[in-house]
Amino acid sequence: MPFESLTQRLQMSIRRISGRGVLNEKDIDDMMREVRLSLLEADVNYKVVKKFTADVKEKAMGEKILKSLTPGDMVVKIVHDELKALMGEEAQGISYKIGGMTIVMLVGLQGAGKTTHCGKLATYLRKKDAKKPMMIAADIYRPAAIDQLKTLGKQIGVEVFEMGNTHPVTEIVKKGLAYAKEKGYDLVIIDTAGRLHINEELMQELNDVAALCKPDEILLTIDSMMGQDSINVITSFNEQLKLTGCILTKLDGDTRGGAALSIRYLTQVPIKFIGVGEKIDQIEVFHPDRMAGRILGMGDIVSFVEKATDSIDEDEAMKMAEKMQRGIYDYNDFLKQLKWIKRMGSLKGLLSMIPGLGSQLKNIDIDDKQFTYIETIVFSMTKQERRNPDLLDKSYSRRERIAKGSGRPYNEVNGLIKRFNDMKKQMKMLSGMSETDLATGRFQKNMGQVQNQRKGKGKGRGNFRI
């Protein structure tokens, strides 16, 4: 989960003042001291920390804030707004060429994820902006770079132009652009070579490619785990190439977040996209306001809804809802819902977007492998059993066969069947309620019955059960 440790420290800092009706200068100073330490531990550049804390304190000490009815909440809002300002205020996507072919050039150090993010970007822009992308394999130095891009292209259904590794890079790019124009592609993404260190040879080659193709976007892929050293890399590339933005990769594994909070202020280069996982569709537009909310533990409902909308077909969801209302929900429907959830990404990451849940997930172990185990159990059922769940009720032999077939313990199979049946009963109860039920108060009575059914036989707090 991105910014996990920073989020925990900042939440502890602002919890002391949030909701309080009276604040004084000492309260603000104590909070800002904790905030300063939190940011420095997250590897945020000290210049950024100094500016941020000074701005927050100046606004928090205003007379209108201290004399307001909710000064604590007002200060939290100031912290949120300043975080948003630090990261760039507004989200910025790709600047497309009007009435022509848009050229995007990806640059960066070796190992930052350029080639992978060429595929991610092509997938994202094709889906979101209805573009017809093509990729050019211009990394002729790294072993297997061309093969990697071709494999990615085949996986996502995007054509890759390549001429092997024996031709000059400028020739490959020139012929690739001509081919893209001939075939009617409106978006070209160029995968360039990276180096372990910035050197004159690399920068000159990139300058030559940029001069040839005149790209609309030059995006630097930067590893978020680099911390403050990322500022030096961005500054060096920006001086030579005039970057239009950067892609911050591996943000799902970054527990500090110093790069995201320092880049825009120190380099004036906006973060345009973030990589949030290894899968080809795990890339997002960087929204400073949403990220500020996540950092402060306020959640990110907008992104959550967007993920759900992208992953779940509306017509399929309506059909599923109708089946639930009619009480004919089976294991095939259950598998379909699992598939929808898996498309949305890490379960812990999704739950952290819901306001109030982020801090509660700190010590809860949520293993996404549980989805695989559940699928294995369901696939070990016969087609008849999946269509008619009642066949498994009180049938020891069927359950034992499923346990052996799935390689999972018998009690795990029992637990899944019990939770499925409980969920089905709750659906029937809720679907049987009329408007009169809701108006007369029987809704509360029915919900009380549902809650009573769920009491007892509870699991330990340390384990998250699906």
Side-chain angles (χ1 to χ4, degrees), residues 2-7 9-10 35-56 79 82-92 105-114 117 192-204 206-207 210 217-276 283-289 291-292 294-295:
F3 308 111
E4 189 169 356
S5 61
L6 176 60
T7 296
R9 288 294 303 268
L10 283 179
V35 169
R36 187 180 300 111
L37 288 173
S38 302
L39 294 172
L40 289 172
E41 284 186 6
D43 207 20
V44 180
N45 185 277
Y46 76 95
K47 292 180 182 177
V48 177
V49 175
K50 185 177 180 181
K51 172 79 165 52
F52 176 79
T53 51
D55 288 348
V56 171
V79 174
E82 289 301 313
L83 277 174
K84 183 176 74 171
L86 202 63
M87 293 184 285
E89 290 285 354
E90 299 293 333
Q92 296 187 34
M105 183 174 159
L106 262 62
V107 301
L109 299 182
Q110 198 175 91
K114 279 190 313 305
H117 280 77
T192 64
R195 298 287 191 280
L196 293 175
H197 302 285
I198 296 172
N199 55 48
E200 291 183 8
E201 181 187 357
L202 164 68
M203 300 314 295
Q204 185 56 52
L206 294 176
N207 271 307
E217 295 275 2
I218 302 179
L219 302 179
L220 175 72
T221 55
I222 192 82
D223 188 335
S224 62
M225 302 296 282
M226 288 183 70
Q228 291 193 43
D229 194 40
S230 61
I231 304 302
N232 299 325
V233 174
I234 295 173
T235 302
S236 300
F237 271 92
N238 195 34
E239 287 173 352
Q240 296 283 336
L241 293 167
K242 301 302 177 189
L243 301 172
T244 60
C246 66
I247 301 174
L248 204 57
T249 69
K250 304 177 187 176
L251 199 64
D252 57 313
D254 179 25
T255 57
R256 297 191 298 174
L261 293 173
S262 304
I263 286 173
R264 180 58 187 259
Y265 177 75
L266 293 176
T267 68
Q268 298 307 305
V269 175
I271 301 172
K272 293 202 169 187
F273 296 91
I274 51 175
V276 291
I283 185 172
E284 300 174 2
V285 170
F286 182 74
H287 293 270
D289 54 338
M291 193 57 69
R294 288 197 212 182
I295 291 173

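Hydrogens, waters and symmetry mates play no part in the numbers below; they use all other heavy atoms, side chains included.
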Quiz item: When rounded to the nearest 0.5 angstrom, what is the spacing between CD in Q240 and CG in L202?
Solution: 9.5 Å
Self-check item: Contacts of N238 that satisfy side chain to side chain donor-acceptor pair (under 3.5 Å) - sequence neighbours left out
Solution: none
Exercise. Apply side-chain contact (heavy atoms from CB on, under 4.5 Å) to T192 and K114, showing your working.
Key: CA-CA 8 Å; T192 64; K114 279 190 313 305; 4.2 Å; yes
Exercise. Could you please spell out the steps behind the side-chain contact (heavy atoms from CB on, under 4.5 Å) verdict for V49 and L261?
Key: CA-CA 9 Å; V49 175; L261 293 173; over 6 Å; no
Practice problem: Could you tell me which residues satisfy side chain to side chain donor-acceptor pair (under 3.5 Å) with Q92, sequence neighbours excluded, listed by chain and number? | Solution: none
Practice problem: Please report the shortest heavy-atom distance between G108 and L220, naming the atom on each side. | Solution: CA-CD1, 3.5 Å
Practice problem: Supply the atom-to-atom distance N207 CG to K242 NZ, rounded to the nearest 0.5 angstrom. | Solution: 10.5 Å
Practice problem: Report the distance from atom OG of S236 to atom CD1 of I231, rounding to the nearest 0.5 Å. | Solution: 11.0 Å
Quiz item: Atom CD1 of I234 and atom CD1 of I263: how far apart are they, to the nearest 0.5 Å?
Solution: 3.5 Å
Quiz item: Which residue pairs pass the salt bridge (Lys or Arg N to Asp or Glu O under 4.0 Å) test with at least one member in residues 262-275, sequence neighbours excluded?
Solution: E217-K272
Exercise. Can you see which heavy atom on T249 is nearest to which on H117, and at what distance?
Key: CG2-CE1, 3.3 Å
Practice problem: Verify side-chain contact (heavy atoms from CB on, under 4.5 Å) between M291 and I271, making sure each step is shown before the conclusion. | Solution: CA-CA 12 Å; M291 193 57 69; I271 301 172; over 6 Å; no
Quiz item: side-chain contact (heavy atoms from CB on, under 4.5 Å) between I247 and I274: does it pass, once the steps are laid out?
Solution: CA-CA 5 Å; I247 301 174; I274 51 175; over 6 Å; no
Practice problem: Report yes if the side chains of L219 and V107 come closer than 4.5 Å at any heavy-atom pair, otherwise no. | Solution: no
Quiz prompt | side chain to side chain donor-acceptor pair (under 3.5 Å) partners for K51, two or more places apart | solution = D55
Exercise. Identify the two heavy atoms, one from M87 and one from A292, that lie closest to each other, and give their separation to 0.1 Å.
Key: CE-N, 3.7 Å
Quiz item: Do you know which two heavy atoms are closest between G88 and P288, and how far apart they sit?
Solution: C-CG, 4.0 Å
Quiz item: Does L40 reach the side chain of V44, with side-chain heavy atoms less than 4.5 Å apart?
Solution: no
Quiz prompt | OG1 on T53 to CZ on R36, rounded to 0.5 Å | solution = 4.5 Å
Quiz prompt | Inter-residue atom distance K47.NZ - S262.OG, 0.5 Å rounding | solution = 11.5 Å
Quiz item: Of I222, V269, I218, L206, which is the lone residue that meets side-chain contact (heavy atoms from CB on, under 4.5 Å) with F237?
Solution: L206
Quiz item: Closest heavy-atom contact between F52 and L86?
Solution: CD1-CD2, 4.2 Å
Quiz item: By ring pair (Phe, Tyr, Trp, His ring centres under 6.0 Å), which residues pair with F273, not counting sequence neighbours?
Solution: Y124
Quiz item: What pairs with D223 under side chain to side chain donor-acceptor pair (under 3.5 Å), at least two apart in sequence or on another chain?
Solution: K250
